[in-house]
Each structure stands twice: as structure tokens, then as C-alpha cells.
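Report on the following structure.
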Amino acid sequence: MERYNHREIEQKWRDKWTAANVYKTTEDSGKKKFYILDMFPYPSGVGLHVGHPKGYIATDVISRFKKMNNYNVLHPMGWDSFGLPAEQYALKNKVHPRVAVEQNIMAFKKQLEKISLNYDWEREIATTDPSFYKWTQWAFLQMFKKGLVFQSNEPINWCPSCMTGLANEDLENGACERCGTPIEKKKIPQWVIKITNYADRLLADLDNLEWQDHIKELQRNWIGRSEGAKIQFKIKNEELKIEVFTTRPDTLFGATYMVLAPEHELVEKLKVKSIKNTEEIEVYQKETQTKTEIERTAEGKEKTGVKLEGVTAINPANGAEIPIYIADYVLADYGTGAIMAVPAHDMRDWEFAKKYNIEIKEVVQFLHVDKTKNSSPRQDLPFIERDAIIAIVKHWQENTYLTLKWKQVDWATFITGGIEDGQTAEEAARMEVLEETGYKNLKLVKFLGGLHSKFFHNPKNVNRFAHFQSFYFELENDEQDEISPEEQEKHSIVWMTKEEIKKTINESQLIDFERIFEDKIFTGNGIMVNSDEFNGIDSEVAKKMITEKVGGKMTVNYKLRDWVFSRQRYWGEPIPLIHCEKCGVVAVPENELPLMLPDVESYEPTGTGESPLAAIAEWVNTICPECGGDAKRETNTMPQWAGSSWYHLRYIDPNNENILIDKDKEKYWSPVDFYVGGAEHATRHLIYARFWHKFLYDIGAVSYDEPYKKLQTVGIILAEDGRKMSKRWGNVVNPDDVIERFGSDTFRMYEMFMGPFDASVAWSTESLIGPRKFLERLWKFFGRGFSDVTDPQIEKVLHRTIKKITEDIDAMKYNTAIAQMMILLNAMEKFKAMTVRDMEKFLLILSPFCPHIAQELWAQLGHDTFILQEQWPSYDVQYLIDDEITLVVQVNGKVRDTITVNAAISEDEAKTIALASANVQKHIDGREPKKIIFVKGKLVSIVV
RNA sequence: GCCCGGAUGGCGGAAUUGGUAGACGCGCUGGACUCAAAAUCCAGUAAUGGCAACAUUGUGAGAGUUCGAGUCUCUCUCUGGGCACCA
């Protein structure tokens, strides 16, 4: 037998498979369908590196596995070929984008073919193909007709380097996701899709998807649902009202000023007659506009704003007259673009109010329910309410604090006590300190605020619901009165350091203690104060009550923004709309689709906010399909995400000229059963595609309302140096080189063996040797010939391997599946004797991973069939059962012996054998076993 | 700051979900073959002590629950990712 020659074998079988068209897929109602999809690549100029095919290999393994298990599998591939990079590549290399895309697709395809992925290439699609984008445009027109598309003149995100507007999703930390250039706000007319109409469904339907939880969580955060209230504030001496959205209507009594976004329309209206400092306002508005997103949101940036002089608002809760500001910390496009500011309970408002000396009014106080062992409230006791004080007293010289250690029980506190009638809280605090410790000369440093606590008062054996006011004093000297004998009996005075306090004092008092050192504001829920009739109730409950009282209404808000859909670039689908002076904006008639992207002299971006298409007069000038008069075409193009939002459907029916997708075919194949791709698409492509698909569902074009039933993300392959593979670092590994040297099978196997599928692992050419050696050893084993019977030891491992691989492929645990095949080969080499029949089983389970060598050896065994079309082997349970098992014997939790026993051993027998072990006896050391635990099939644990 | 993950030998990683930690692979060490090297094969490989049997320690750190914890609970450190003035 010749040496394992991967080049010869792999080329031979690739040719044969292609000639026989083995990957062709047709509808077959007799079989269960399985649609498995890769995120299609962007055919860039640089070609594939070793990381790209990882996901493709995985889906290829599953696809082959499913085919061998009698599924009718749809496994297609295509190209996401519109968009900026192609255009930029074309500009740089002075070729037309169409030509560049064609070349790049050819190059990509050539690379992919070497890996022998079982795609049905007859279903290949490209988003730049007019027969494809006809339907992208068609779907857009349906949205337009349903009123889901509107034109906006609001400032949008503009990338000055890419010279195009961008959607919210295209930003990364306030910069362009592609080029890293800080985003500016620019006012240009934009087509926007009301994706927010779908926010609730996009959120709710996540629950029914078999996606990884962290991806769902990412989408939930991106959609950003928050519940709150809309409340209106009257403006004094004006007919106008300010409407705000707030998640904290309970804090309304604490709203001491209001803020409008600088771009808020009310500002312009108020300028007309009320605002006295118009000039100052306008300077600030200009500043806001020219700032980049990054400048506006820079971390640690001090808040800025300008007061609207001459205008005030009325707080609807208490009638208070409060000032109005404009400030750029309020965003125009979230909520109503205006807020009620509650500096006592919102960090941002607090910063602002401190800077501009605005009243800070506390309306919610912390409610602490003690959860520590000794102090958590007892279920069986009622709460006794009490107004009380806490006094924290610092030593006159040292860094220690006064505490009381109770003598009867294990309990230490600061000085606490009730407030008597006619006493102020501070008076009560001073009195308690004097009574309990005798210290007299207190200097008040800080009032720490209110705090409510539910706890079990251990010394007094009652449940307390205490309403504390807390004070921080410093002692001026050690002057001290005599303490009464009763007090002395109760507790002793202990001076504690910070560290000691943190260890001994109960939770709620610790919160007070921390307030000494930190300027913290309370932003949580708690007990209402300073809020008239709502005082004393739970702030969570007060939300609805206060909203109702002031005539507001509870509502829901989303962070998700509408989808800015216009790009001022050449290489995209033309937006099929026509501007007519008489008729307004009119849709291009559907029978004129596709609206072809015209050729153009210069497709460079203009940078003015106008698309390069605007320069082609003969294309732009058209007639209005409604009135027949002169009209102009829309010249913006669609974003790259348009085509990828529905491409999964087109594979099902790639050549249909009459309809987006044939309903019967769609019903047969849809939805995608398994979708594999990069996690970076979690908040863009996967949001857009879900939206687009849901829209198609709503208009009856498809029959299932989610596109991707199950989603799995791929972990990226890092370069050998641990960095990302990039031309810039010069650390890119090309799959062509690896396949040439080691073979496609080795390459495929290694990528699946590297680690867990969704983990990012560094490439290692050194480790690649492992899978290669495995294949060489298999080849060699084959050369040795076969026996009439298989060694029972091999048989056992073989059937376990079949079981494990069957399960592992389903669970996407390829690394352990391959490890198991290695274990099998190790056993084969050790025990040698194996029948042809059993070897066939091995080849069948190997074939999804390494199709070429499996097919070659399959043929060498005399088969003239394609292994892909064979049946997946089943395992025989009789080989899974062990007659003998190894029991672990522990003494006090430590392994002292292992004993080999019959699998059916009884508990008593096992215990007897375990106790008989010499080493076990040594560790029992004559003591009497307290307890012997027996776990069937696992262990005997002896406790002495 | 907020929301998700992750941390196991020299390296990539296993661990039936609470039951012998380190499967499998790489690397490394020793041996066989060879004039020699590569390749291949055999043996070893968590650390420490011991000729060995074995003992002690050991899954980022610290506490806890348990006969028993990589796995469960709490606190913390480091780290990857996402979001970030979202009211």
C-alpha cells in the first residue's frame, strides 16, 4: 500500500463528486428537511484566512451527518457583495466594483472548493445580482406602501471619512464601526424604516428561539425596553407643555428642574416671546451641533447647559415653579427629548445640579431589610415602627469610632435610640450619646440622611421597622460624665477601627458608616418622604399612584432607534422611489423592478451628502409614474444590511423571477433550522434580518415569523501570536497553504479539534500535526489487512465511539468527538484484530469530518458508492454495558483505594470488600466507621 | 459605571453535571531503529518527597454548604465580550 498522499486522493474525489453532482438538493416531501445555513461572506480583496472556514466546516459536518441520517438537507452558500469595502477596494485598484466583486467571488469560491464543503452551488446567490436585488427593492417598496418608511430631516450619524450616513447599529463607541472615525451629526434627508414598530415583537419572540442566552441578552439590551411614565409639565404663562418620559415617576416631588435637549423643538417656540437669553442659548445649540458624538459623551466630561431665562415650568405634583435648562446630556432622540431632573436620585442630574446650584430634594429613602443571621426579621413577629437616630462618633485623636458592645447577646451597634416627643433628631442624637457613653462635647460634622431598616433587634427580641436619621459627630475631647448603672449593665463602650466595624456592625448601620466617606446618592427604590400624601409608602407602589395623580400615563420606551436606511454611496441597491413636485414621493412601479444600478463615470463619494448617482442626469431625470410629469429619482442607495436581511429565503427558490419566494418551497424549507456565524452580528444583521422576515410574514410572503430557529456563534481563530489575524500584523495563515501541505482532511479535522466550537483559540501549526498523524496511522492500519473477527476490546470502544460521535455532533462538541475517534484508533492499534464490517463503521463516522480519506478507504474496501450517500451506523447497546466496574473507596473524603468488582454488586458486598482493603484499614486506623455511603457504580465512602 | 461570559499541567483543552481532576492532542524527557539526523515505534510526563508501595499539596484568591466541590453559595482579583449621559 502506498503512502498516504492527500493531494492525489483529495483532488480525485473532489472531481468525482463534482462530476456526479452529489451536493444537489431538491424538495423531497418524503424526507424530513433540514436547512442549515452559514452567514455568507463578504468577498473582500484579501481572500479567506484560516479562521473563516471554521464555521463552514462545522455546518458541513452537521450537513453530512444529517444527510447520512436520512434528512433532506439544504446547505447553500452565497455572497454579501454590496457595500463599502467593495467600493473602496474598487476605488483603490481602479476597477469597477462589479468587476472587483466578480474577481473576489471567484477567488473565494476557489478557496472554499478545496475544503470540499457540501454546498449546492446551483443555489448560489449574490446580493449584487439584479435578479436578487430586485426582491430587496420589492420588499422595501412593500414597507413603503405600508407606511413603514419615512423621510427624515433629523440630524443623523455621519462618518466624514466614509462620507455617508450611518445607522445607530453601525457605530462603535461613537465612532464609525468600519473606519473608527468619530461620528458627526449631520442634517441630510434620510429614508428611515420604522423598525421600532417591531421592538416589542423583536423582544418578546426571542423567548421562543433556540439561541445561546448571551446572544439573546445582547439583543434584549440593544432593544432596551424600559417601563415608565409620560408626564406633562405646564410652562408658566404659556400655552405650551413639556412632556417627559421617566422611569421614576415616584420621584416627581423631587423634580427641581427640567432639561430639554438642545435640539428640542420647544426651545424654538419659547424663543419667540419668553426666552430672555436667546443669544446664549443659540451659542450653546451651535456648540452641541458641531461636537462629535465622542466629545459629547466623553467619560468624566463635566455636564454643561444653559438656563432658559424668563421661562419656568410647574411641577404638577406640588405646584412648585422650577427652572428649565437645555443641556446636551439629554438626548433628542430618546424618550421625548426632555426630562424632569431629580438630582437627589439620579447621578447625572445630581452632577448638573451641584454645578449650577439647583435645589436637591430627597424624596426616596433607603429601605434596608437585614439579611444577616442574627438580625434578619423574624417571620413570626410583627414590626414595631419607631422614629430613631443613629450617631456615629469619631475619637478625638485616633481613627476609631464609638460602638456599643451588648453584654447579653453577640451584637454591636453605633449609638442608637428613639426620638422623644418635642425633640429634634439632632437633640435626640446628642442625648443618646450622653446617656449611653457619657461623652459630652460633640461637634456635628455631617447629617447623613434618612434610612429605614427592617431588622430583628436581638437584645430586645423584637422586629423593628425603624426610621433613622443619622448623624456623624466628632468628639472634641475626652470629657465624660458618669454612666448610669443600668446602661453599664447593658453594654460596654468599644472604640473600633474602620476594619473592625466592617466586620462586626450590622448591615444597615454599615450603609450609614459608608456615607461618611462617600458622597453617594440613593438611586434605588425605598420609602417615600417629602411627597405629601405619599409619604411612608413604598416608592415602587407610588410610581403608578403619582402618575395617575398628575394625569400622566404609564408607558414603555425602547433604546432601539429607527433604521437609517440611506447611504450616500454608489455600491448599493438604488432606493426605488421617485420625487415628483406634484405628487410627492412615489414608488417605482413594481413591474419596473429591478431598478438597475447605473454605470457611472465616477462613483467616488461626493462628500456633500449627495450620492454619486445624483450626477447622472439621464438616470436621475425621469417621469412621474402617477402624473406623467417631470420627476427625479431618489439617488441614495441601501445599506449593506439590506440584502443580508432576507438572503436566507432566496436560497430556497433562487431563480424565481415572478415572486420573492415560492410559497410551497418556502413552507417546505423554512425556517432555517440551524444558523452559524460570528457573534459580531448579534445586534446588526440579526436584528435587521428578524425585522425584515417578520415584515414579510406580516404581508403574507412567508409562513413563519422568525428566520433562524437555532443559532450558534463561532469562536474566532486567533493568529499564532494570540492577536487577531490581520494583514497589518502579518500573521495571516492562508488555508490554501495548509491544505497544500497537510491536506483538506487534516485541516478540517484540526479546526474542529482545536477546542470548544464557540471559544476563540490561537492557531498552532505545531498542533496541526496531531490530526495529520492520526490520518497517517489510520492509513497504515488499513494496509495491515483485516481479520475474521474483531477483538472484543475494539468492539466495545467502537460502539461507544459511534454513540459518542452521534451525540457530540448534535451538541456541536466536535473536539471531544475527534478525541473519541483517536481513542478508538489507539485501541485498534493495541488490539489489532478488526473486521472489514467494523472498519466500515469507523469510516462512516469519520466521513463528515474527513470526507476524502474516508471515501478513499471506503472505495478500497470495494465500495463503488459515495460515502455521503450511505447510512449512518447505529451502535449496539450490549457493548455499552460493563460487566466489571471500578469502585472508588474513600475514607473521610479521600481516595484510599480502587476496587474492581462485578457491576451488579450489592451494597453490602461492596462495603465488605471496601472495608477489607489494606490501605483502607490503615486509614480507618482501628476507628469505628460512623457512616458508610454507597453510590451505585461509583464509590464507597467511609466516614470515621 | 451597567449587562453577559471565562480562569484547570509547559500549551490547546477533557471531566457522565456533586463522586478517582488532568481524557485526547501538542510539546518535553528517556529508550529502540539509524553511521547520523528526520520520520516511525516503545515508555514516562501536575507539583513535592520516596527505589517503590505510598503520602502531602493541587482546578485564579478567600470563606461556606457536604461524607465528598473544578462543579453549588457568598466575597474578591484578573480577564474576554457587549452597552454606555437611554432619563
Side-chain angles (χ1 to χ4, degrees), chain A residues 172-174 212-222 224-226 228 244-248 251 255 259 261 296-299 301 303 327-331 333-342 345-349 351-352 557-561 679-680 682-683 713 715 749-750 753-756 758-774 776-777 780 804 807 813 815-826 829 886-898 918-919 922-923 929-933 935-944:
Chain A
E172 211 165 69
N173 297 322
Q212 291 145 289
D213 284 336
H214 72 274
I215 298 289
K216 289 193 196 180
E217 205 51 36
L218 238 50
Q219 289 220 345
R220 285 193 190 105
N221 290 342
W222 190 265
R225 181 190 149 97
S226 55
V244 302
F245 171 74
T246 176
T247 54
R248 295 296 304 271
T251 63
V259 187
R296 227 180 122 160
T297 61
E299 205 173 335
K301 184 185 94 77
K303 302 244 173 316
D328 65 4
Y329 82 91
V330 172
L331 308 176
D333 55 355
Y334 181 78
T336 61
I339 61 158
M340 63 178 221
V342 185
H345 303 293
D346 181 280
M347 209 51 212
R348 296 150 302 181
D349 297 344
E351 280 170 23
F352 191 85
N557 224 313
Y558 296 93
K559 275 202 264 186
L560 183 75
R561 305 295 153 88
E680 70 273 18
T683 52
T713 55
M749 190 173 181
Y750 172 63
F753 186 57
M754 285 176 84
D758 56 349
S760 55
V761 180
W763 179 265
S764 163
T765 304
E766 205 172 65
S767 299
L768 185 72
I769 287 298
R772 169 72 195 196
K773 277 199 218 161
F774 169 83
E776 281 176 10
R777 278 163 52 207
K780 234 195 245 171
K804 177 132 181 78
E807 288 165 359
K813 286 162 76 177
N815 54 335
T816 50
I818 289 168
Q820 183 62 37
M821 284 194 277
M822 290 171 168
I823 291 169
L824 173 58
L825 183 58
N826 289 346
E829 283 175 338
T886 306
L887 274 189
V888 170
V889 186
Q890 296 182 341
V891 179
N892 282 347
K894 289 198 172 172
V895 180
R896 294 305 177 189
D897 203 359
T898 56
N919 202 39
K922 193 177 119 198
H923 284 91
K930 282 189 204 141
K931 193 152 84 166
I932 302 177
I933 296 150
V935 181
K936 197 167 187 296
K938 294 256 159 79
L939 86 163
V940 178
S941 183
I942 300 158
V943 188
V944 293

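A note on names: the letters A, B, ... follow the listed sequences, proteins ahead of strands, and every chain is numbered from 1. None of the values given here were measured: they were computed from a predicted structure.
- In this structure, of B:A87, B:U56, B:C54, it is B:U56 that holds the atom nearest to the side chain of A:R896.
- Its glycosidic angle being within 90° of 0, B:U17 falls on the syn side.
- Between A:Y750 and A:W763, the angle of the ring planes goes over 60°, which puts this pair in the perpendicular group of the 30/60° scheme.
- Taking atom NZ of A:K938 as the reference point, atom P of B:A21 lies 14 Å away to the nearest angstrom.
- Residue A:V761 comes nearest to A:M754 through the heavy atom pair O-CE, 3.8 Å, listed as atom of the first residue, atom of the second, then distance.
- Of the possible polar contacts, one joining the A:Q212 side chain to the A:T713 backbone as a donor-acceptor pair under 3.5 Å is found.
- Where RNA chain B pairs in unbroken runs of 3 or more (Watson-Crick or G-U, both distances under 3.5 Å), the stems are B:1-7 with B:77-83, B:10-12 with B:24-26, B:27-32 with B:40-45, B:46-49 with B:54-57, B:60-64 with B:72-76.
- Taking only side-chain atoms of A:M822, from C-beta outward, the nucleotide of B:A15, B:C54, B:C24 with the closest atom is B:C24.
- Rounding to whole angstrom units, CH2 of residue A:W222 and P of B:C83 are separated by 6 Å.
- Between B:G19, B:C26, B:A87, one nucleotide has an atom nearer to the side chain of A:I933 than all others, and that is B:G19.
- The pair A:E217-A:R220 meets the salt-bridge criterion, since a charged nitrogen lies less than 4.0 angstrom from a carboxylate oxygen.
- Taking the side chain of A:Y329 as heavy atoms from C-beta on, and the options B:G82, B:C85, B:A55, the nearest nucleotide is B:C85.
- For A:V895, taking side-chain heavy atoms from C-beta onward, the closest of the listed nucleotides B:G13, B:U20, B:C54 is B:U20.
- Within the 4.0 angstrom heavy-atom criterion, only backbone atoms of the sugar-phosphate kind lie near A:T247; the bases stay farther away.
- Taking only side-chain atoms of A:N221, from C-beta outward, the nucleotide of B:C3, B:C85, B:C67 with the closest atom is B:C3.
- B:G1 and B:A69 have their P atoms separated by 35 Å, with the value rounded to a whole Å.
- A:L331 comes within 4.0 angstrom of a base, heavy atoms only.
- Proximity note for A:K894 (side chain, C-beta onward) versus B:U56, B:C85, B:C83: the nearest is B:U56.
- Among the atoms of the strands shown, only primed sugar atoms or phosphate atoms (P, OP1, OP2) are found under 4.0 Å from some heavy atom of A:K813.
- Distances were taken from every side-chain heavy atom of A:V761 (C-beta onward) to each of B:A87, B:C24, B:G12; the shortest belongs to B:G12.
- Closest to the side chain of A:K303, out of B:C85, B:C54, B:C67, is B:C85.
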Shorter than 3.5 Å, N or O on both sides, protein versus nucleotides 38-48 of chain B: list them out with atom names.
none

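- Distance from the side chain of A:N815 is smallest to B:A14 among B:A14, B:A87, B:A55.
- Within the 4.0 angstrom heavy-atom criterion, base atoms lie near A:T886.
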Could you go through residues 816-825 of chain A and list every donor-acceptor pair under 3.5 Å that involves a side-chain atom there, pairing it with any protein atom two or more places apart or in another chain?
{"unit_1": "A:T816", "atom_1": "OG1", "unit_2": "A:D808", "atom_2": "OD2", "d": "2.8"}
{"unit_1": "A:T816", "atom_1": "OG1", "unit_2": "A:K813", "atom_2": "O", "d": "3.1"}
{"unit_1": "A:Q820", "atom_1": "NE2", "unit_2": "A:T801", "atom_2": "OG1", "d": "3.0"}

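- Salt bridge A:E776/A:K780: absent, no basic N to carboxylate O contact under 4.0 Å.
- The residue A:R561 sits close to a base: some heavy atom pair falls under 4.0 Å.
- Base orientation for B:G9: syn, the chi torsion being within 90° of 0.
- No donor-acceptor contact under 3.5 Å links the side chain of A:S767 to the base of B:C26.
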